[in-house]
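First comes the structure, then the notes that go with it.
Note that these values count all heavy atoms, side chains included, but never hydrogens, waters or copies made by symmetry. So you know, we letter chains A, B, ... as the sequences are listed, proteins then strands, and number each from 1.
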Amino acid sequence: MIEIPKKYKHREAEERWARQWEDWGIYRYDPSCTREQTFAVDSPPPTVSGSLHVGHVFSYTHQDLLVRYQRMLGKNIAYPMGWDDNGLPTERRVQNVFGIKCNPHLPYDKDMVFNLGEAIEKDAGGKKKGTKEQKEVSRLNFIEACAALTSEDEKVFEGLWRHLGLSIDWTLAYATIDERCRKTSQKSFLDMMAKGRVYHAELPTAWDTGFGTAVAQAEMTDKEIDGKFHDLQFDVEGGGHFIISTTRPELLGACIAVVAHPSDERYQPYFGKTAVTPLYKAHVPILASEHAEPDKGTGILMVCTFGDSADVEYWRKSNLPLRQLIGRDGRILPVDYHAEPFQSEDPDAANAAHAQLAGLFVKQARAKIVELLREAGKLIGEPRPIKHAVKYYEKGEFPLEFVTARQWFVRILDAKEELLAKARQIKWHPEFMRTRIEHWIDGLQYDWCISRQRFFGVPFPVWYRIDDNGTPDYEHPIVATEDMLPVDPMSQAAPGYEESQRGIPGGFMADPDVMDTWATSSLTPQIVSHWADDPEQHAKLFPMDIRPQSHEIIRTWAFYTIVKAWLHDNDIPWKHVIISGWILDPDRKKMSKSKGNVITPEHYLDDYSADAVRYWSSRARLGADTIFEEQLFDAGRKLTTKLFNASRFVISQLDSDTDGRERWTKEYVTEPLDRALLARLRSAVIDATEAFNRFEPASALQTAENEFWDFCDNYVELVKRRSYEAEDTPGRRSAKAALNIALRIFLRLFAPFLPYISEEIWSWRFAASAGRERSVHTSPWPTAEELTLGQAEEGEADNGHGNVYVCATEVLSQIRQSKTLAQKSLRWPVAKLLVQGEAKDAEALKQVLTDVLLAGSAENAEVAIKEGQPAEGARFMVDVTLAESENSAE
RNA sequence: GGUCGUGUAGCUCAGUUGGUUUAGAGCACCACGUUGACAUCGUGGGGGUCGGCGGUUCAAGUCCGUUCGCGACCACCA
């Protein structure tokens with residue numbers, strides 16, 4: 001018999017159970033099960049280099065609730081965990097921590113070792129001195145450094161997940177840079193290539209000058225910033241002039257046309273003529289275009305290559321030349337205006353003016369050109385401050401520029417309808433989130449740019465021939481064969497070539513880029529299902545059941561995953577998407593590192609217990625943002641404590657260590673009150689089950705919790721004295737059996753939410769020595785059948801007899817109220833009790849009267865139950881007369 | 001400007017297809033209480049014209065229209 005402790009020590013219990021669950025292997029996925037027996041979760045791989053905060057705990061708990069429910073239903077669970085370690089945040093951290101920077105042209109140094117502890121120490125010291133010397137290393141070495149760092153970050157996350165009680169199968173863990181993921185990602189690329197879905201092209205692409213890389217549409221975001229309107233005077237050839245208001249005067253040298261709306265009478269006379277740009281004195285056409293709005297600025301605007309996406313659009317449709325003015329590093333490029341096809345009246349002057357801008361960063365160049373324009377008398381008035389929204393890379397510091405570069409694209413614009421159909425085939429929870437993806441797909445403007453000019457990521461499995469003149473042949477890439485995957489073209493020679501031929505005329509070169517991190521993380525279902533190496537396994541897990549994620553990455557992660565599943569399997573990646581809301585700080589702002597309002601979760605787990613933190617997470621409705629409120633942890637802890645104490649009471653009423661599991665069955669439940677309890681529990685179980693089936697665990701918790709508190713406050717008090725009876729009567733047996741059954745139900749209802757305390761209590765008297773019921777978490781989810789007493793009783797319970805419970809609690813409550821108002825203790829005896837109510841209620845009350853009287857210390861009272869009008873708004877009119885003294889009942 | 005969501009007690013939130021004549025919970029607040037599971041507790045109490053206006057209905061927190069506030073996403077951003 002297990003000794004039951006007086007106090008619950010959550011830290012000790014959490015450690016013990018986390019270990020035990022691992023030893024038992026109860027979270028292990030069984031690959032031999034069929035698809036129908038399996039419940040597969042496409043859990044989000046967190047960016048390990050990001051900050052860890054309570055929002056993580058919140059959303060990961062949500063998936064675990066659904067998983068635990070499905071496990072109790074008997075499903076074989078595939079609940080993996082991945083780490084997204086590709087991408088810019090990792091690179092940035094590695095550069096800082098190790099003081100290195102990647103030079104992809106360097107050869108791999110296989111003796112280079114990265115000592116993390118030392119590096120972090122150095123990093124801390126180095127920062128103080130402000131030294132920024134960065135040693136150059138090869139790409140492979142750089143990747144090794146990234147891996148060394150991320151594996152440390154992963155340990156921190158894993159530790160937290162385990163403590164939180166996430167029922168992850170850790171043998172299914174993956175990292176987006178590991179061999180299998182690289183292979184999957186490269187195979188995906190090859191498959192898309194074979195299907196004609198990828199192409200590469202030299203196109204103007206959104207570019208972050210800070211990171212020096214292309215950026216996809218989904219990663220762009222608007223920022224409201226301060227800007228200035230500059231009124232510039234343009235002359236018209238043959239006479240006349242007009243004013244253009246621009247926020248970007250530094251792009252003047254890239255102006256290739258000016259446009260006004262076709263209906264704009266002010267400019268109609270100029271259409272077809274040529275304008276002369278100030279300073280550069282370039283001749284540019286004056287054209288009509290629908291996209292110019294007459295009432296904005298002066299109604300006429302510059303088309304530059306490139307100021308914004310509208311310029312790109314316009315340039316693409318026109319046959320105008322391209323004058324790239326901004327370099328990849330965000331500096332103004334040197335340009336020779338003598339060169340064609342640019343016509344300047346005075347190329348020397350243009351060159352002289354431009355020479356003062358070349359090499360400057362955009363902001364500096366803007367200040368400089370304002371000076372030049374002012375001197376030239378072409379700046380009309382002073383710049384006027386305005387606020388305007390500008391596109392940024394979501395992680396970037398500078399406004400995006402458009403830079404022409406060779407990029408890889410996935411062709412998706414022609415497939416909007418098919419993608420929409422797939423998105424609609426998936427069930428979204430909450431349902432309104434579906435419109436977000438629909439709008440996103442509908443509004444797509446660009447194909448998906450998947451190449452990044454970075455180092456830490458999955459390389460393209462592609463090489464190019466170099467002809468005898470040393471020019472790469474981009475049009476006929478050499479593609480890796482599947483057996484080579486994963487391949488690093490930087491260190492492995494192209495098929496048919498020797499390593500010695502790298503980079504020389506007649507030889508080959510590797511594609512220098514890596515894939516965007518989303519190109520790999522969009523394959524998480526395929527990674528987990530072994531699409532790349534085990535088709536049979538793939539069929540057993542794909543499409544998956546649920547994708548839990550938050551709403552801000554619908555347009556990226558969810559969308560790209562849908563794209564890939566469609567491309568590779570012409571299928572949906574999962575049946576359900578479960579969207580969690582955000583955690584907001586008390587000012588209703590999203591918690592994020594940049595805002596500095598991040599709250600870390602570890603100490604809450606220590607202070608309040610993992611169950612308490614999970615309780616807080618579990619309360620949130622799906623998709624709804626939640627304000628962080630520490631007091632809810634307290635509510636969770638309170639519930640845990642209550643469960644502990646109530647269970648101690650119930651178990652004290654049983655006798656030996658197998659009683660809970662085997663002896664006190666529903667056949668003993670004969671008393672009306674106890675039967676009514678079971679009827680209540682039955683409907684609670686039905687409600688909670690339905691809520692879980694709707695993917696609304698918060699509602700299931702609410703149901704279980706309400707029922708449980710009522711059980712403690714009312715039922716336990718009503719039945720206590722009967723259960724304490726010295727003699728073994730049917731009433732006493734009925735009480736014990738009902739208490740036992742109720743507790744077994746509650747423990748299983750709470751198990752998904754509060755895994756530690758429910759397992760702890762389960763182990764006292766209910767756990768079997770083997771099989772499913774060894775752990776509460778593999779025990780069968782409670783069913784209505786367990787609580788059904790037979791057809792006759794069921795009918796009984798639903799009609800008149802359902803009331804006995806409510807009638808009993810109401811009268812008990814009235815007795816309590818009288819005592820409280822009289823400032824007497826609750827065990828103060830009652831001398832007289834008069835109850836008046838409708839016939840059916842009076843009848844119901846009579847059936848449970850003994851329990852009520854005992855619970856209200858009214859067993860010696862003079863009692864009268866009459867038919868008649870109840871009190872207003874109540875079931876009964878109750879008149880309580882308390883005894884004169886505590887010892888007398890007269 | 002477009003779309004979606006949201007507005008219920010001081011705070012955080014429930015309220016399922018309109019229907020227990022008087023809208024719930026937790027926290028906070030007030031009062032009382034050493035009852036054999038529980039003082040990390042128990043019992044009881046005060047507190048809301050359900051954002052505003054209009055409509056449908058025997059009946060509206062719930063449905064419709066309109067308007068205001070808040071949040072998010074998208075578009076524009078010369």
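When rounded to the nearest whole Å, the span between CD of A:E705 and C1' of B:G24 equals 14 Å. Put simply, CD on A:E717 is 11 Å from P on B:G44, counting in whole angstrom units. With rounding to whole Å, A:E859 atom CD is found 12 Å from B:U35 atom C1'. Per the geometry, CG belonging to A:L853 stands 21 Å off P belonging to B:U35, to the nearest Å. The nearest whole Å value for the distance from the OH atom in A:Y615 to the P atom in B:A25 is 14 Å. Distance, A:W582 CH2 to B:U6 P: 16 Å, rounded to whole Å. Between the P atom of B:G26 and the CG atom of A:N706 lies a distance of 9 Å, rounded to the nearest Å. If you take NE2 of A:H551 and C1' of B:C73, they are 10 Å apart, rounded to a whole angstrom.
Residue contacts for A:A691: at a heavy-atom cut-off of 4.0 Å it reaches no nucleic acid atom on any strand shown. Within 4.0 Å of A:D713, counting heavy atoms only, lie sugar-phosphate atoms of the nucleic acid but no base atom. At a threshold of 4.0 angstrom between heavy atoms, the contacts of A:L826 include nucleobase atoms, whether or not backbone atoms are also involved. Heavy atoms of A:Q445 sit under 4.0 angstrom from primed sugar atoms or phosphate atoms, though from no base atom. Counting any heavy atom pair closer than 4.0 Å across all strands shown, A:W828 reaches no nucleic acid atom. A:T247 comes within 4.0 angstrom of sugar-phosphate atoms only, judged by non-hydrogen atoms across all strands, and of no base. Contact annotation for A:K819: no contact, since no heavy-atom pair falls under 4.0 Å across all strands. Here A:F644 lies out of heavy-atom contact (under 4.0 Å) with every strand. Within the nucleic acid shown, A:Q217 comes within 4.0 Å of sugar-phosphate atoms alone, with no base atom in reach, counting heavy atoms only. Contact annotation for A:K638: backbone-only contact, meaning every heavy-atom pair under 4.0 Å involves sugar-phosphate atoms and none involves a base. The residue A:V258 sits apart from the nucleic acid: no heavy atom pair falls under 4.0 Å. Residue contacts shown for A:T298 are absent, as no nucleic acid heavy atom lies under 4.0 Å away. As judged by a 4.0 angstrom heavy-atom cut-off over every strand, A:C304 is placed among residues making no nucleic acid contact.
The aromatic rings of A:W762 and A:F766 sit tilted, their planes meeting at an angle between 30° and 60°.
For A:F234 and A:H241, the gap between ring centers reaches or exceeds 6.0 Å.
The pair A:D222-A:K391 counts as a salt bridge, with a side-chain nitrogen and a carboxylate oxygen less than 4.0 angstrom apart. One finds no salt bridge joining A:R11 and A:E14 here, because no Lys/Arg side-chain nitrogen approaches an Asp/Glu carboxylate oxygen to under 4.0 Å. Under a 4.0 Å N-O distance rule, the pair A:D226/A:K387 qualifies as a salt bridge. Salt bridge annotation for A:R722-A:E725: absent, with no cationic side-chain nitrogen under 4.0 angstrom from a carboxylate oxygen.
Comparing the P positions of B:C70 and B:G24 gives a spacing of 32 Å, expressed to the nearest Å. Taking atom P in both B:C29 and B:U35, the straight-line distance is 23 Å, to the nearest Å. Taking the C1' atoms as reference points, B:C74 lies 38 Å from B:U49, given to the whole Å. Straight-line distance between the C1' atoms of B:A59 and B:G7: roughly 24 Å, to the nearest whole Å. To the nearest whole angstrom, the two C1' atoms, one in B:C50 and one in B:G18, are 15 Å apart. Taking atom C1' on both nucleotides, B:C63 is separated from B:U56 by 8 Å, rounded to a whole Å. With both ends at atom P, the span from B:U21 to B:A9 equals 23 Å, rounded to whole Å.
In this model, the phosphate group of B:A28 is not approached by any side-chain N or O of A:Q631 to a distance below 4.0 Å at OP1 or OP2.
Between the side chain of A:D222 and the base of B:C76, at least one donor-acceptor pair of N or O atoms lies under 3.5 Å.
When the shell of 6.0 Å around CD of A:E431 is examined, it contains 12 or fewer heavy atoms from other residues, nucleotides or ligands.
In terms of heavy-atom proximity, A:A275 sits nearest to A:F242 at CB-CZ, 3.9 Å.
Here the CD1 atom belonging to A:I757 is positioned 8.0 Å from the CG atom belonging to A:L754, to the nearest 0.5 angstrom.
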Could you summarise the pairing of RNA chain B as dot-bracket text, marking Watson-Crick and G-U pairs under 3.5 Å with ( ) or [ ] inside the strand and | across strands? (((((((..((((.....[....)))).(((((.......))))).....(((((..]....))))))))))))....
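Residue A:I627 places its side chain closer to B:C13 than to any other of B:G71, B:A75, B:C13.
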